[in-house]
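Shown next, in structure tokens, is the structure this report addresses.
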Amino acid sequence: MHVLLADNRSRVRSALRSLREEQSGQMLVSEAKDCQEVLAQAETVCPDLVLIDWDLPGMATVDLLPALQTICPGLYVIALSSRPEAEQSALAAGALAFVSKAGPPEPLLAAIQRVKALCNGGTEIEEHG
């Protein structure tokens with residue numbers, strides 16, 4: 001699975017890289033620190049998954065997600081934010097999942113596994129509760 005990490009803080013990208021490396025079968029394609037880099041990387045590598053900071057500089061992320069889907073149809077996005085109020089906007093804009101940066105890593109790892117299953121031909125399972 002090809003992954004693009006997008007966050008303007010290098011420490012967060014490093015932490016995401018470390019978590020991602022724990023998951024077998026994943027390959028980091030690239031990293032981006034703003035929306036323009038995300039679009040450029042998507043055009044170059046068309047990743048399966050983008051882990052994206054919901055407050056990434058450069059443009060409104062709510063506008064970025066449809067642009068990414070145009071470049072890479074079928075792309076999955078996991079939105080990350082320390083602002084819980086951003087969850088509804090992220091999901092409405094097309095993110096598959098929303099994960100709090102302030103929480104433990106398990107929800108992020110579960111969301112990545114969900115994407116991995118979808119990329120391997122699985123079907124999406126509706127979550128309840």
Side-chain angles (χ1 to χ4, degrees):
M1 182 168 70
H2 300 255
V3 181
L4 170 59
L5 303 178
D7 197 291
N8 63 319
R9 292 178 210 97
S10 61
R11 293 176 111 186
V12 173
R13 288 194 312 271
S14 178
L16 290 172
R17 191 179 327 109
S18 294
L19 280 176
R20 194 246 353 125
E21 288 169 355
E22 293 176 12
Q23 303 295 303
S24 63
Q26 292 183 30
M27 180 178 76
L28 176 63
V29 173
S30 58
E31 297 182 15
K33 64 181 181 225
D34 60 37
C35 292
Q36 289 72 28
E37 284 186 8
V38 169
L39 291 170
Q41 293 292 341
E43 287 181 358
T44 303
V45 298
C46 202
D48 300 302
L49 169 63
V50 177
L51 298 175
I52 191 165
D53 174 18
W54 190 248
D55 297 310
L56 200 63
M59 68 188 290
T61 313
V62 70
D63 297 325
L64 177 63
L65 269 55
L68 284 172
Q69 288 294 336
T70 299
I71 295 168
C72 299
L75 170 81
Y76 297 104
V77 174
I78 297 174
L80 309 167
S81 179
S82 55
R83 297 182 310 110
E85 66 273 11
E87 181 173 8
Q88 239 178 359
S89 297
L91 297 175
L96 177 70
F98 177 91
V99 178
S100 173
K101 286 183 174 183
E106 289 80 12
L108 177 57
L109 295 173
I112 291 170
Q113 286 301 321
R114 185 172 160 203
V115 171
K116 187 177 178 182
L118 290 168
C119 289
N120 289 330
T123 58
E124 177 139 13
I125 298 170
E126 185 175 331
E127 293 182 11
H128 298 282

Closest non-hydrogen contact found for S81 with D55 is OG-OD2, 3.7 Å
Please name the pair of heavy atoms, one in A95 and one in L91, separated by the smallest distance, quoted to 0.1 Å. O-CD2, 3.5 Å
Heavy atoms of other groups near Q88 CD, more than 12 under 6.0 Å: no
Between F98 and I112, is there shared hydrophobic-cluster membership here, with clusters defined by ILVMFWY side-chain heavy atoms closer than 4.5 Å? no
Which atom pairs, one a donor and one an acceptor, fall under 3.5 Å between side chains of residues 58-69 and the rest of the protein, sequence neighbours left out?
residue: T61; atom: OG1; partner: W54; partner atom: O; Å: 2.6
residue: Q69; atom: OE1; partner: G74; partner atom: N; Å: 3.4
residue: Q69; atom: NE2; partner: L75; partner atom: O; Å: 2.6

With a 4.5 Å cut-off on side-chain heavy atoms, are R114 and I78 touching? no
When you compare the side chain of L96 with that of L118, does any pair of heavy atoms fall below 4.5 Å? yes
Could you give the distance from OG (S30) to NE2 (H2), rounded to the nearest 0.5 Å? 11.0 Å
CG-OG distance between L80 and S100, expressed to the nearest 0.5 angstrom: 9.0 Å
Rounded to the nearest 0.5 Å, how far does CD of Q41 lie from CG of L5? 10.5 Å
Side chain T44, main chain A40, donor-acceptor under 3.5 Å: yes
Side chain proximity check, E37 to D34, heavy atoms < 4.5 angstrom: yes
Interatomic distance, CG@L51 vs CZ@R13, rounded to 0.5 Å, equals 12.5 Å
Residues which pass side-chain hydrogen bond (donor to acceptor under 3.5 Å, both in side chains) with E106, listed by chain and number, not counting sequence neighbours: none
Salt bridge (charged side-chain N to carboxylate O under 4.0 Å, His left out) involving D53 - partner list, sequence neighbours excluded: K101
What distance separates L49 CG from L4 CG, expressed to the nearest 0.5 Å? 8.5 Å
